[in-house]
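So the structure is just underneath, and the comments pick up after that.
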Amino acid sequence: MKHFIPLKFKVVDGTALGRACIATQNIVEGEIICKMHGVEITYKQFSEKFGNNCDDLLQIDTETYIELSEPYIFFNHSCAPNAGMRNRGVLFALRAINPGEEITVDYSSTADDLNWQMSCKCGSPNCRKLIGDFQSLPHEMQEFYREKGALMDYLLKMYY
Ligand SMILES: [Zn+2]
């Protein structure tokens with residue numbers, strides 16, 4: 001699939017979390033960083049291939065996932081993220097991001113899968129340690145993402 005090469009970030013090695021996406025320029029609040037790309041697969045295809053291990057998958061609809069390609073698989077999770085996801089996988093800045101800062105997303109704000117869990121060592125003061133899907137988020141975090149416009153269309157349809 002052809003798409004614009006993302007210029008607003010680069011992938012670096014050797015951070016605490018392994019590879020990470022680092023901003024290469026000033027990104028203002030609300031600015032689109034990129035659209036997430038990869039191969040679209042259904043829930044059935046996904047579970048046959050991955051079982052319960054969907055850390056590199058992005059859910060974009062009730063039954064549709066993207067098997068993320070590089071560099072999009074390298075956006076790490078944070079419980080205090082500086083980026084959010086809307087529509088069908090459009091990544092945008094929740095606040096101003098400086099060059100050199102890692103760009104992170106709250107994976108719980110994108111997933112609707114009660115079976116999915118991941119342990120977290122993001123180090124933020126409000127780290128939830130064990131993260132799950134959107135329903136597992138504290139209510140005030142759900143509201144925060146909704147008010148920021150940082151929920152994908154399918155989650156808005158399901159829950160609001
Ligand atoms: Zn965390």
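What you are looking at is a predicted structure, and each value in this text was computed from that prediction instead of being measured. Order of listing sets the numbers, starting from 1, for every ligand and every atom in it.
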*asked:* Testing the 3.5 Å rule here: is there a donor-acceptor pair between the side chains of Q59 and D113?
replied: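 Checked: Q59/D113 side chains show no N/O donor-acceptor pair below 3.5 Å.
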*Would you kindly say whether R88 and T64 are connected by a side-chain donor-acceptor distance under 3.5 Å?*
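R88 vs T64: no donor-acceptor pair found between side chains.
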*Would you list the protein N, O or S atoms within less than 2.8 Å of the Zn ion (ligand 1), leaving out water?*
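For the Zn ion (ligand 1), the protein N, O and S atoms that sit under 2.8 Å away are C79 SG, C120 SG, C122 SG, C127 SG.
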*asked:* Considering only residues two or more places apart or on different chains, which pairs with a residue in residues 141-160 satisfy ring-ring contact (aromatic ring centres under 6.0 Å, His included)?
replied: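 Listed once each, the pairs are F134-Y159.
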*Y72 and F9 aromatic ring geometry - parallel, tilted or perpendicular at 30°/60° bounds*: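 The arrangement is perpendicular - the two ring planes meet at more than 60°.
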*asked:* So does M152 get a backbone contact from the side chain of T110, meaning a donor-acceptor N/O pair under 3.5 Å?
replied: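 No, the answer is negative, given that no donor and acceptor are paired below the 3.5 Å cut-off.
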*State, yes or no, whether a side-chain contact exists between K157 and T62 at a heavy-atom distance under 4.5 Å.*
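Sidechains of T62 and K157: no contact.
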